[in-house]
Structures are given as structure tokens and as C-alpha cells.
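Reviewing the structure listed below.
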Amino acid sequence: MKAAWIVNTVIGKMTLVEADGMLVASNFGEYIPQDAQLVKTPFLAQAISELEQYFAGEREQFTVALAPKGTAFQRSCWEALTQIPYGETRSYLEQAIAVGNPKACRAVGMANNRNPLPVFIPCHRVIGKNGKLVGYGGGIDIKKILLESEKTRKDKI
């Protein structure tokens, strides 16, 4: 059984989805998959708590179990995203190099676009090589909010 719960955050509503004790999706807005029940499980309560801590500036890394579904290449891209330190950014080229394929910038961008766990897997930390904010499933405004809040909190440390 999948369970889902809707959370109000500083960037709007997000829907967290759990399957078998792992987080499988964090969707922007209210989206309950057809095969999920709207129920706040203990696991989802922990994921929500960590998300709230992140938005409050009290957490830099998530500890809840993540289980994103994707191709081997997508999963390697998402794993590389988790290696980008809190409050820092990388270009698509740097991420492509990190996954061992410097010519795969566009493929990396498409993998990031299909990231089923935004915020938890920080695809918002990837920017254009010219330093501009480009492409984000939640919209550039949300990407900007996430990056600015991380940088502001990191600068205070």
C-alpha cells in the first residue's frame, strides 16, 4: 500500500508519498496517486518533520529512506545531486562530470527534471554554467527561494 499526505510549506503545498517504509515521491501541490491512501503514517510524519526542519533552517540533510524509481542513469544523476553540499550549487556540466559522462549535460538535465523527490534530492542546487537559474519542476521562483534560503542559513553558520 502507498500512503500520501499533503503538507503546507513555505513554497506551497507538497504531497509526500510513501511505499514500503520509503519515500517514493514529493510532489509540488496536491497530488494523491490513485494507488495511494490519504493517511499520515509514522514514516510520513517523520518525513514531514524533517521537511519542516529543513524549511525552518534546522536541518541540512534528510535521513528518511528514499526510493526514487528511474533508470540506472537517472538514479546515478539523483545520487550525484545528494552529493552537492547544502547551500552550494553545481552546473549541469559539473553534474555530468560527476556521473562520469561530461557530454551528457542535456541528459543530466532531463534526469533532474524527472526527479521524483524534489527538495529531498536537491535538484534545485543545479544551475546553468553561466550561473543563471534554469529549469525546475516547481518553477524558477521556488528554486530561487530554496537556493537563497540555503545560502542565507549557510552564511550564518
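Computed from a predicted model, the values in this text were never measured in an experiment. Keep in mind that the numbers below use all heavy atoms, side chains included, and drop hydrogens, waters and symmetry copies.
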Going only through I, L, V, M, F, W and Y residues with side-chain contacts under 4.5 Å, is there a path from [X] to [Y]?
{"X": "Val24", "Y": "Leu16", "result": "no"}
{"X": "Leu81", "Y": "Leu93", "result": "no"}
{"X": "Val17", "Y": "Val7", "result": "no"}
{"X": "Ile84", "Y": "Leu133", "result": "no"}

Is any side-chain heavy atom of [Y] closer than 4.5 Å to one of [X]?
{"X": "Val119", "Y": "Phe62", "answer": "yes"}
{"X": "Leu44", "Y": "Leu23", "answer": "yes"}
{"X": "Arg90", "Y": "Pro85", "answer": "yes"}
{"X": "Leu147", "Y": "Ile127", "answer": "yes"}
{"X": "Val126", "Y": "Gln95", "answer": "yes"}
{"X": "Asn115", "Y": "Pro68", "answer": "no"}
{"X": "Trp78", "Y": "Leu117", "answer": "no"}

List the atom of [X], the atom of [Y], and the distance in Å for their closest heavy-atom pair.
{"X": "Pro118", "Y": "Met14", "answer": "O-CE, 4.0 Å"}
{"X": "Ala67", "Y": "Met22", "answer": "CB-SD, 3.6 Å"}
{"X": "Glu150", "Y": "Gly87", "answer": "OE1-N, 3.0 Å"}
{"X": "Ile32", "Y": "Ala4", "answer": "CD1-CB, 3.8 Å"}
{"X": "Tyr92", "Y": "Gly135", "answer": "OH-O, 3.7 Å"}
{"X": "Ala3", "Y": "Thr41", "answer": "CB-CG2, 3.6 Å"}

| query | Looking at residues at least two apart in the chain, or sitting in another chain, which of them share a ring-ring contact (aromatic ring centres under 6.0 Å, His included) with Tyr136? | reply |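 In terms of ring-ring contact (aromatic ring centres under 6.0 Å, His included), with neighbours along the sequence ignored, Tyr136 is linked to Phe28.
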With distance as the sole test, does [X] use its side chain to make a donor-acceptor pair with the main-chain N or O of [Y] at under 3.5 Å?
{"X": "Lys143", "Y": "Val134", "value": "yes"}
{"X": "Ser91", "Y": "Gly131", "value": "no"}
{"X": "Arg75", "Y": "Gly70", "value": "yes"}
{"X": "Ser76", "Y": "Val99", "value": "no"}
{"X": "Glu30", "Y": "Lys13", "value": "no"}

Open item on the list: Applying side-chain contact (heavy atoms from CB on, under 4.5 Å), can you list everything that pairs with Val10, at least two apart in sequence or on another chain?
Closed with: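 By the side-chain contact (heavy atoms from CB on, under 4.5 Å) rule, Val10 matches Phe55.
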Item to complete: Begin from the C-alpha positions of Leu38 and Trp5 and carry the test side chain to side chain contact (heavy atoms under 4.5 Å, CB included) through to its verdict.
Response: CA-CA 6 Å; Leu38 185 61; Trp5 197 256; 4.0 Å; yes
Could you measure the distance from the [atom1] atom of [X] to the [atom2] atom of [Y]? Nearest 0.5 Å is fine.
{"X": "Arg59", "Y": "Ser49", "atom1": "CZ", "atom2": "OG", "result": "7.0 Å"}
{"X": "Gln74", "Y": "Met110", "atom1": "CD", "atom2": "CE", "result": "9.0 Å"}
{"X": "Lys144", "Y": "Ser149", "atom1": "NZ", "atom2": "OG", "result": "12.5 Å"}
{"X": "Gln46", "Y": "Thr63", "atom1": "CD", "atom2": "OG1", "result": "5.5 Å"}
{"X": "Glu18", "Y": "Met1", "atom1": "CD", "atom2": "CE", "result": "7.0 Å"}

Report the C-alpha separation of Val108 and Phe73 in whole Å, then their side-chain angles, then the decisive distance to 0.1 Å, and conclude whether the side chain to side chain contact (heavy atoms under 4.5 Å, CB included) test is met. CA-CA 9 Å; Val108 162; Phe73 179 76; 4.0 Å; yes
Query - Plane angle bin for Tyr54 and Tyr86 - parallel if under 30°, tilted between 30 and 60°, otherwise perpendicular - result: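 Taking Tyr54 first and then Tyr86, their aromatic rings stand perpendicular (interplane angle over 60°).
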Answer yes or no: are there more than 12 heavy-atom neighbours, outside Gln83 itself, under 6.0 Å from its atom CD?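 Yes - once you tally the heavy atoms of other residues, nucleotides and ligands closer than 6.0 Å, there are more than 12.
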Is the count of non-hydrogen atoms from other residues, nucleotides or ligands lying under 6.0 Å from Asn130 atom CG greater than 12?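 Yes, enclosed.
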**Study point:** Val64/Glu50 under side chain to side chain contact (heavy atoms under 4.5 Å, CB included): CA gap, chis, key distance, verdict
**Key:** CA-CA 8 Å; Val64 292; Glu50 289 190 15; 3.6 Å; yes
